[in-house]
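Reviewing the structure listed below.
Note that these values count all heavy atoms, side chains included, but never hydrogens, waters or copies made by symmetry.
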Amino acid sequence: MVEKGKSNLFYCNGNVPIIMACSIMRQLYMNDNNILILERNNKTDDKKLIEDCLVKNAGWSHIQVIDVNLKFVMFSDLAWPFSLIKYFYHSFFILKDRKKTVKILNNIIKKYPHINNYFFSDNSNMLKYVYGKTIKSFSYIEHGASSYFLDKFLKKRSKKVYLKKILNTLQGASNCVIPEKIYLSDHGGSSSIKRFVKNEFNIMPVSLDAS
């Protein structure tokens, strides 16, 4: 049974996003119903154990786990003429059992119909499959150093970008995933904050002290 009241849903892939999610939840939403979804993609038992330790007794109302099976494909390994793409694009991931996995995630999200805020780690492998459909707006959670580069949001016109859009379209994924906010663990000390404030997408940076 889902509790009544304000609810927030966090989707994490990796240790840093889990630590950040716990920090966001405890500092900003401690009195709400907070749901955590853990993305597990071929992780070892040791990594699963670390994740379980990080979320244990953290105060989550509900914890869900989704297994995301990814296959790494290098264009250089493909037969000609597809191997020629390696000169423009190195590799990509294919989500195995895509329809089944997306359906499982949608079913989990639909279990909690009255979500006030959605948070996804910015290395999530699943967000692009539900954004614009099940999820209309969300905030990113830092997953590492690359989270501080605003360039990841820029719409550069390159052959690589066009190819990525084609691959996303073929896999039924969104080509436009832009957050409202991005949560960083820099405690206001990174140079990226000023860049984010002036960005063309109006993405609001939120600095937290994750210590």
Does any non-hydrogen side-chain atom of Met20 lie less than 4.5 Å from one of Phe119?
-> no
Atom of Cys22, atom of Trp60 and distance for their closest heavy-atom approach = SG-NE1, 3.7 Å
Close side-chain approach of Lys6 and Tyr29, heavy atoms under 4.5 Å = yes
Side chain proximity check, Ile18 to Glu51, heavy atoms < 4.5 angstrom | yes
Give the C-alpha distance, both sets of side-chain angles, the deciding distance and a yes or no for side chain to side chain donor-acceptor pair (under 3.5 Å) between Ser121 and Asn13.
-> CA-CA 6 Å; Ser121 55; Asn13 178 17; 5.7 Å; no
Calculate, to the nearest 0.5 Å, the distance between atoms CG and CD1 belonging to Asn41 and Ile66 respectively.
-> 10.5 Å
Find out whether Cys12 and Leu36 are in side-chain contact, i.e. whether some heavy atom of one side chain is under 4.5 Å from a heavy atom of the other.
-> yes
Taking Ser61 for its side chain and Asn34 for its backbone only, find out whether a donor-acceptor pair lies under 3.5 Å.
-> yes
Please check if atom NZ in Lys48 has more than 12 non-hydrogen atoms from other residues, nucleotides or ligands closer than 6.0 Å.
-> yes
For residues 94-103, dump all side-chain donor-acceptor pairs below 3.5 Å to protein atoms at least two apart in sequence or in another chain.
unit_1: Arg98; atom_1: NE; unit_2: Gln171; atom_2: O; d: 3.2
unit_1: Arg98; atom_1: NH1; unit_2: Gln171; atom_2: O; d: 3.2
unit_1: Thr101; atom_1: OG1; unit_2: Asp97; atom_2: O; d: 2.8

Indicate if Ile135 and Ile203 have the same hydrophobic cluster label, given that clusters are the connected sets of ILVMFWY residues with side-chain heavy-atom separations under 4.5 angstrom.
-> yes
Any chain of hydrophobic side-chain contacts (each under 4.5 Å) joining Met25 to Ile37?
-> no
Are Val16 and Val68 co-members of a hydrophobic cluster defined by side-chain heavy atoms under 4.5 Å apart?
-> no
Does the side chain of Ile109 come within less than 4.5 Å of Tyr11's, by heavy atoms?
-> no
Applying salt bridge (charged side-chain N to carboxylate O under 4.0 Å, His left out) to Glu142 and not counting sequence neighbours gives none
Verify same cluster id: Leu9, Leu54 (apolar side-chain graph, 4.5 Å) = no
Taking all heavy atoms of Lys136 and all of Gly132, pick out the closest pair and write down the distance.
-> NZ-O, 2.8 Å
Are any non-hydrogen side-chain atoms of Pro17 and His143 less than 4.5 angstrom apart?
-> yes
Measure the spacing between OG1 of Thr134 and CG of Leu105 and express it to the nearest 0.5 Å.
-> 7.5 Å
Ignoring hydrogens and angles, tell me if any N or O in the side chain of Asn116 forms a donor-acceptor pair with the backbone of Ser7 under 3.5 Å.
-> yes
Does the side chain of Asn8 come within less than 4.5 Å of Leu28's, by heavy atoms?
-> no
Which pair of non-hydrogen atoms, one from Ser147 and one from Asp122, has the smallest distance, and what is that distance?
-> OG-OD2, 2.7 Å
Would you check, one step at a time, whether the test side chain to side chain contact (heavy atoms under 4.5 Å, CB included) holds for Asp67 with Asn69?
-> CA-CA 6 Å; Asp67 291 314; Asn69 222 336; over 6 Å; no
Could you state the interatomic distance from CG (Asn15) to NZ (Lys47), rounded to the nearest 0.5 Å?
-> 8.5 Å
Which value, rounded to the nearest 0.5 Å, describes the distance between Tyr118 atom OH and Leu127 atom CG?
-> 12.0 Å
Ring centres of Tyr183 and Phe10 under 6.0 Å apart?
-> no
With a 4.5 Å heavy-atom cut-off, do Val177 and Tyr140 have their side chains touching?
-> yes
Is the number of heavy atoms from other residues, nucleotides or ligands under 6.0 Å of Arg40 CZ greater than 12?
-> yes
Between CD1 on residue Ile178 and OH on residue Tyr131, distance to nearest 0.5 Å | 7.0 Å
Could you state the interatomic distance from OG (Ser185) to CD1 (Ile19), rounded to the nearest 0.5 Å?
-> 9.0 Å
Does the Glu39 side chain pair with the main chain of Asn125, one donor and one acceptor, at a distance under 3.5 Å?
-> yes
Ile141 with Ile63, same ILVMFWY side-chain cluster at under 4.5 Å = yes
